[in-house]
There are 2 protein chains.
Amino acid sequence: MSSKSPLYRKVAGDLRTAIAAGEYGSGARLPAEDELARRYGVSRGTVRQALAALRADGLVTSRRGARRVVLGGAARLQSFAELRSFSRWARSLGEEPGGRTVAVDPARATEEEAHHLQVPQGARVFRVRRVRTLSGAPVMVERTTYPERIGELVAALPVDAVSHSEQLELHGVLFTDAHHTIDVVPADRDDAGLLNCPAGQALLRERRRSTDPAGTPVEWSEDRYLPGTVAFTVHNSTATSALGRRLGED
Amino acid sequence: MSSKSPLYRKVAGDLRTAIAAGEYGSGARLPAEDELARRYGVSRGTVRQALAALRADGLVTSRRGARRVVLGGAARLQSFAELRSFSRWARSLGEEPGGRTVAVDPARATEEEAHHLQVPQGARVFRVRRVRTLSGAPVMVERTTYPERIGELVAALPVDAVSHSEQLELHGVLFTDAHHTIDVVPADRDDAGLLNCPAGQALLRERRRSTDPAGTPVEWSEDRYLPGTVAFTVHNSTATSALGRRLGED
DNA sequence: GTACAACAGTTGTCCGTACAACTTGGAGCT
DNA sequence: AGCTCCAAGTTGTACGGACAACTGTTGTAC
């Protein structure tokens, strides 16, 4: 059966599970690259590629001259797939994801939408509003705008489809990059009704712009979470910087 | 004069400025790796290392078979240094950072602090409370716990020192990795007094654990921002995943 | 015209080598 | 004991080559 996944991925996966299994406790030093290369029967370059992946996930440090050290605490970091899909994320935690599509509206792109989706202003887009639940309780309201091509696929989905992203994947729509902005906003009347909370309630807001492998925007979304239900975690290092802080001009 | 920075960094920097200068507009395709290698007189491997950095910053996509595409919109992403230091970040935006140290207390590590700093419970630590301002207006309250070694350095700083992190750097204390958790909490009495806002006001909370190159924790901090003042931005992709979502158990 | 097939172009993976830069621990000296 | 200094160990950087896998385009056949 053997998979078609590249060698360095297998090595990375193996090391990941070894760390998760506690073979290398927090603060422990990993074997040297040469040693790992020998052990797995691969070249040092391949080992380095695997270790770069672990470092990007914040699992290990690395510095010249010394062996790599396992970083404790970071613990479990979701994969990109789990982050992209609310459903997948929830299921991986043993929670039962639910969703109710409130509205699917064909519309004309506003200036903001046009900018983020890189389409001309006034172009045809689809606006989708959904309420997401964990084990039945509403947790998040999701307002997504899709360009026409993608929106048509979404509009064709049944209203009770739990995971839109998984359905889109089946149609060959891939999400590979996303840019997120996280801040706080008060709930408006609409949020309050959908989330069953008082208007003005502070919500954790995540705005997201996702693109496909070719760099074409495929969604522009604004999600609002009830406080206390989820938190966002980020790891960054001098090696791979992905997090930033921004003035909140809105 | 020439610097001691590695080759691939110069290439990456050059490409970054070229993109920023609009030489490759949003959606444009970068030259092929071979072409860049020829142009810079370096090997393809070095070019790939440079491009990997750009990809990690979310500046370009990359997929097998097709040339790399410049991702628009992501725009300016702060460097790790700017994220680490409130002062540096503020100054890079033309704002005047300020700070007031409210208290520096030697203390015994609580269970939580001990866990995050990887010291025995009850070990000597220093708790520092500061109010941070932008152009005079209070924006954030920062509650940081340092292990004894670092805390002693901080305690010796003048109360009106604007940037603690820059001072620590001068003493050879390096921060290379950080793990962040972002969510929302209501302001307690203390926050309200320091930030001059009503108690119960929702604040954007960032909890942070920073480590040095050896993987030793050097700070554990909880920062609370007034809403509307800052937002956090994150880029992630299937290639480098650093962002995650967490159940908010606290 | 439309669909299919071949082809050139491009990035991903993997190997090998060599040297530079840095850390660590121990030997040896005071 | 404490200090300096050295040597071994380890990661970072850079080169080179080869092939696999995929994309976009071109051109052919129907």
Side-chain angles (χ1 to χ4, degrees), chain A residues 2-13 15 24 27-56 59-71 172 174 176-177 212-216 237-240, chain B residues 2-13 15 24 27-56 59-71 172 174 176-177 212-216 237-240:
Chain A
S2 88
S3 55
K4 63 275 187 81
S5 94
L7 255 183
Y8 78 90
R9 254 180 207 299
K10 295 186 189 171
V11 176
L15 289 173
Y24 305 101
R29 296 196 299 190
L30 282 187
E33 296 174 358
D34 282 334
E35 166 64 19
L36 289 174
R38 240 194 325 277
R39 203 177 289 183
Y40 287 104
V42 300
S43 79
R44 189 181 156 218
T46 301
V47 169
R48 281 182 65 77
Q49 217 169 338
L51 289 170
L54 299 200
R55 186 180 56 176
L59 283 174
V60 299
T61 62
S62 66
R63 56 195 186 130
R64 188 175 231 153
R67 294 248 282 269
R68 264 166 254 260
V69 173
V70 177
L71 277 178
L174 294 179
T176 57
D177 282 76
D212 70 6
T216 310
S237 73
T238 48
T240 71
Chain B
S2 87
S3 57
K4 62 273 188 83
S5 93
L7 257 183
Y8 78 90
R9 254 180 207 297
K10 296 185 189 173
V11 177
L15 289 173
Y24 305 101
R29 297 195 299 191
L30 282 188
E33 295 175 358
D34 283 334
E35 165 64 19
L36 289 173
R38 240 194 325 276
R39 202 178 290 184
Y40 287 103
V42 300
S43 77
R44 188 182 157 217
T46 301
V47 169
R48 281 182 66 75
Q49 218 168 337
L51 289 170
L54 299 200
R55 187 180 57 177
L59 283 175
V60 300
T61 62
S62 66
R63 56 206 256 243
R64 187 176 234 153
R67 294 246 282 270
R68 263 166 255 261
V69 173
V70 176
L71 276 178
L174 293 179
T176 57
D177 282 75
D212 70 7
T216 311
S237 71
T238 48
T240 70

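Naming: A, B, ... by sequence-line order, numbering from 1 per chain. Small disclaimer: the values here were computed from a predicted structure and weren't measured.
A pairwise comparison of heavy atoms in B/Pro31 and B/Arg39 identifies CG-NH2, 3.9 Å as the closest pair. Contact record, A/Tyr8 with A/Gln49: CE2-NE2, 3.7 Å, taken as the closest heavy-atom pair. Pairing each heavy atom of B/Ala12 with each of B/Ala50, the nearest pair is N-CB, 3.7 Å. Of all the heavy atoms in B/Leu51 and B/Glu33, the pair that sits closest is CD1-CG, 4.0 Å.
In this structure, A/Leu51 atom CG and D/dT11 atom C1' are separated by 10 Å, rounded to whole Å. Atoms CG (A/Leu174) and P (D/dC22) sit 13 Å apart, rounded to a whole Å. Spacing between atom CD of A/Glu33 and atom C1' of C/dC22 amounts to 14 Å, rounded to whole angstrom units. Atom CG of A/Leu7 is separated from atom C1' of D/dC19 by 14 Å (rounded to the nearest Å). Counting to the nearest Å, the P atom of D/dA20 and the CZ atom of B/Arg64 are 11 Å from each other. For A/Tyr8 and D/dA20, the OH to P distance is 18 Å, given to the nearest whole Å. Atom CZ in B/Arg68 sits roughly 18 Å away from atom P in C/dG9 (whole-Å rounding). Across the protein-nucleic acid pair, B/Glu35 atom CD and C/dT11 atom P stand 11 Å apart, rounded to whole Å.
The partner of C/dC4 is D/dG27, by the rule that a Watson-Crick or G-U pair needs both atom distances under 3.5 Å.
Taken residue by residue, residues 39-49 of chain B places heavy atoms nearer than 4.0 Å to DNA chain C at B/Arg44, B/Arg48.
B/Val11 places none of its side-chain heavy atoms less than 4.5 Å from the side chain of B/Leu36.
To the nearest 0.5 angstrom, B/Arg63 atom CZ is 7.0 Å from A/Asp212 atom CG. Distance check: B/Leu30 CG to B/Arg67 CZ gives 8.0 Å after rounding to the nearest 0.5 Å.
Contact annotation: A/Arg67 side-chain N/O to D/dT10 OP1/OP2 distance is under 4.0 Å.
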- request: Start with the C-alpha gap between B/Tyr40 and B/Leu15, add the side-chain angles, then the distance that decides, and say whether side-chain contact (heavy atoms from CB on, under 4.5 Å) holds.
  value: CA-CA 11 Å; B/Tyr40 287 103; B/Leu15 289 173; 3.9 Å; yes

Every protein N/O lying under 3.5 Å from an N/O of nucleotides 24-26 of chain D:
{"unit_1": "D/dG24", "atom_1": "OP1", "unit_2": "B/Arg63", "atom_2": "NH2", "d": "3.4"}

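Within 6.0 Å of atom CZ in A/Arg9, 12 or fewer heavy atoms from other residues, nucleotides or ligands are found, so the atom counts as exposed in its surroundings.
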